[in-house]
Amino acid sequence: MTVDTKLPYEKEYISNYSADRNEPEWMKSLRLRALELVDTLPMPKPEKTNITKWNFDKFKHQSEGKKLDSLNDLPEDIQVFLDKENKNSNLVIQRNQSLAYQSLDNSLQEKGVILTDLSTALEKHSELVQRYYMKDAVAIDENRLTALHTALMNGGLFVYVPKNVVVEEPLQAIFWQEDPEVATFNHVIVVAEENSSLTYVENYISHNEQEEAVANIVTEVIAMDNASISFGAVDNFAKGTTVYVNRRGVAYRDASIDWALGQMNDGNTASENITHLIGDNSHSEAKTVTVGRGDQSQNFTAKIVHFGKQSEGYILQHGVMKDNASSIFNGIGKIEHGAAKSNAEQESRVLMLSKGARGDANPILLIDEDDVTAGHAASVGRVDPIQLYYLMSRGISQKEAERLIIHGFLAPVVNEIPITAVREQLTQVIEGKVY
Amino acid sequence: MAGSTLEIKDLHVSIEGGEILKGVNLTIKGGEFHAVMGPNGTGKSTLASAIMGHPKYEVTKGSILLDGEDVLEMEVDERAKAGLFLAMQYPSEISGVTNSDFLRSSINAQREEGDEISLMKFIKEMDKSMDELEMDKNMAQRYLNEGFSGGEKKRNEILQLMMLKPAIGILDEIDSGLDIDALKVVAKGINSLRNETFGCLMITHYQRLLDYITPDYVHVMMKGRVVKSGGPELAQRLEAEGYDWIKKELGIEDATVENA
């Protein structure tokens, strides 16, 4: 079993890797501490999915990527994600582990907004990064994969919006795994200070159909008092990449974090999206869509934990399964003791397109407080023949009628993606996967 | 002769093994308005659904021909393209699909590829029809039938009828759930389609609809068959005297379909 294999990376390798990148001392020691923990920690155990046979250890750790002289040099299927409405003025493109393109509007720079690759952030804003890196959101010792991530982190992004700054235009990042064998140990930190707000959209893309690779991603999203963050993502790793993606939010008083995640990977994927509503009156909506195809196995956990009073959490998961794909959807609302007057809602819906596909929707409520409201709904079903009949009775072909019903089914989440180009692209990706 | 002809011959239809229609004969020609009346449970709506090809209904005997073409051999979408339209009693709600996207897909499905309706023309036609039906313009951007009131659903069915302009329109209990003002508006929309080629089959168990849309022919269904046909005066007599005299005349005690 892969879990028992010894990691091919030793202390010396990690030290050198950190030194080569001129990282601050704290980062090096954090990596080394995590490396020691790797073999002492268990693998994560997503509910009802056995990931112990998945490839998490076979990968290439380093690969540079060329700088882009022009965005026109990007492959066509990446160009389409670019936010043309906004002239790509707030954009970072990471190619393998290298920063390939970077731009940030001058007025935002003057206000102290940071949008840069993690390596540059460690160089220029070491203390700020240290304040948030594996601190309030994800801990290095949660499981073997978080420790492995910390030891081997090889890319990422730092987004920071200072107090009272409102960023109207979306900030965008594209992470392009161009080398078919390289691992994506990406670490993204998004911080909105008090009374600030931002919209961030990220895309992960690879093309490795045959070659095996690993993505082990940690994303930490922090909304301080009265801050609001709208977070959109389209994950589009190819079949060869095994994905563990851990997206964690922490919302303080009156803060809100809204997620719209298009989880369109073609390989085995374990996705964990947890938001901690720490402050009173904090709010989170976690909306996800996925399309499973081929033989892939996926597990999606969306969880909102209520600590603050009057906190609101709403989870909406929509999945379409075809071929022999199987997916587990866990929508978990947890209300801690003391989080009075909180409200937790979950909805998980799965549409099955093939006999061989499997889908399992598990809305779960865990409540340790009396004075709360909560609700959940779940369904797993096929395309309704009466709906098909209705559409076809107007002359629409069966194929087109099914297409309308499927897009309609996914629309509640797709429509939440903040950048028009990304939303359209997500629709295209769905189109490509369903037909 | 103008328009199309829909011929229903000795139609037998079953649902889950139970026979509902037991030999219906009916011919509708372009330019004619027919009303099919009858008490509840006599097979009227089954007739409408069977013509359109509802997946739950099985035709066990008989034929349906549109201009000599075998309708029963056609898929549901092919029936629509051939010129049939059914305004349904309970239209489906489809989340995430806007009313206007659905309507445009429907119109384009019936046109040749490359000859799709332009967006401008489509919007103009839809606005015009919605005005005629006194519909709120917001309904174009709402999801198809989702959260529509009973009356809104009926208007929306007639909106589709007006925009798709079929050869033969079948209206299944289009008057149920409509108040008198709404009924007048819907009737006006339907009457606007009246011409030498459009054929219409209205299914209702109230005479009331026929006060606003005058039929050329009236048929009464009982026990899964058309038991009596006549002109508009037949509807008036039914309004005044009910169905009992027909039952007595034909020796029928219970008009509903027997399902042993």
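Every heavy atom of this structure was used, including side-chain atoms; hydrogens, water molecules and symmetry mates were not.
- Taking each heavy atom of A/Gln398 and B/Asp77 in turn, the nearest pair found is N-OD2, 4.4 Å.
- With a 4.5 Å cut-off on non-hydrogen atoms, A/Tyr389 touches chain B through its backbone and its side chain both.
- Neither the backbone nor the side chain of A/Asp384 comes within contact range of chain B; no heavy atoms are under 4.5 Å apart.
- Around the NZ atom of B/Lys153, the shell of radius 6.0 Å holds more than 12 heavy atoms that belong to other residues, nucleotides or ligands.
- The OG atom of B/Ser95 lies 9.5 Å from the CZ atom of A/Arg349; values are rounded to the nearest 0.5 Å.
- By the 6.0 Å contact criterion, CD on A/Glu431 is enclosed, its count of non-hydrogen atoms from other residues, nucleotides or ligands being greater than 12.
- When each of B/Gln160, B/Glu93, B/His54 is scored by its heavy-atom pairs under 4.5 Å with chain A, the top score falls to B/His54.
- In terms of non-hydrogen atom pairs under 4.5 Å with chain A, the most contact-rich of B/Gln110, B/Lys56, B/Met88, B/Glu75 is B/Met88.
- In plain terms, the two heavy atoms of B/Pro55 and A/Ile386 that are nearest each other are CG-CD1, 4.1 Å.
- Distance check, rounded to the nearest 0.5 Å: CG of B/Asp101 to NE2 of A/His407 gives 11.0 Å.
- In terms of heavy-atom proximity, B/Ala109 sits nearest to A/Gly395 at CB-O, 3.2 Å.
- Here the CD-CE distance, from B/Glu78 to A/Met392, works out to 8.0 Å after rounding to the nearest 0.5 Å.
- Using a 4.5 Å heavy-atom cutoff, the side chains of B/Leu144 and A/Tyr390 are in contact.
- Within a 6.0 Å sphere centred on CZ of A/Arg358, other residues, nucleotides and ligands contribute 12 heavy atoms or fewer.
- Proximity to chain A involves both the backbone and the side chain of B/Leu86, based on heavy atoms less than 4.5 angstrom apart.
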* side chain to side chain contact (heavy atoms under 4.5 Å, CB included) between B/Ile94 and A/Leu404, worked out -> CA-CA 9 Å; B/Ile94 299 175; A/Leu404 282 172; over 6 Å; no
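- The environment of A/Lys355 atom NZ is sparse: at most 12 non-hydrogen atoms of other residues, nucleotides or ligands sit within 6.0 angstrom.
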* To do: Might you work through the side chain to side chain contact (heavy atoms under 4.5 Å, CB included) test for B/Ile107 and A/Arg394, ending with a clear yes or no?
  => CA-CA 8 Å; B/Ile107 291 172; A/Arg394 303 310 186 229; over 6 Å; no
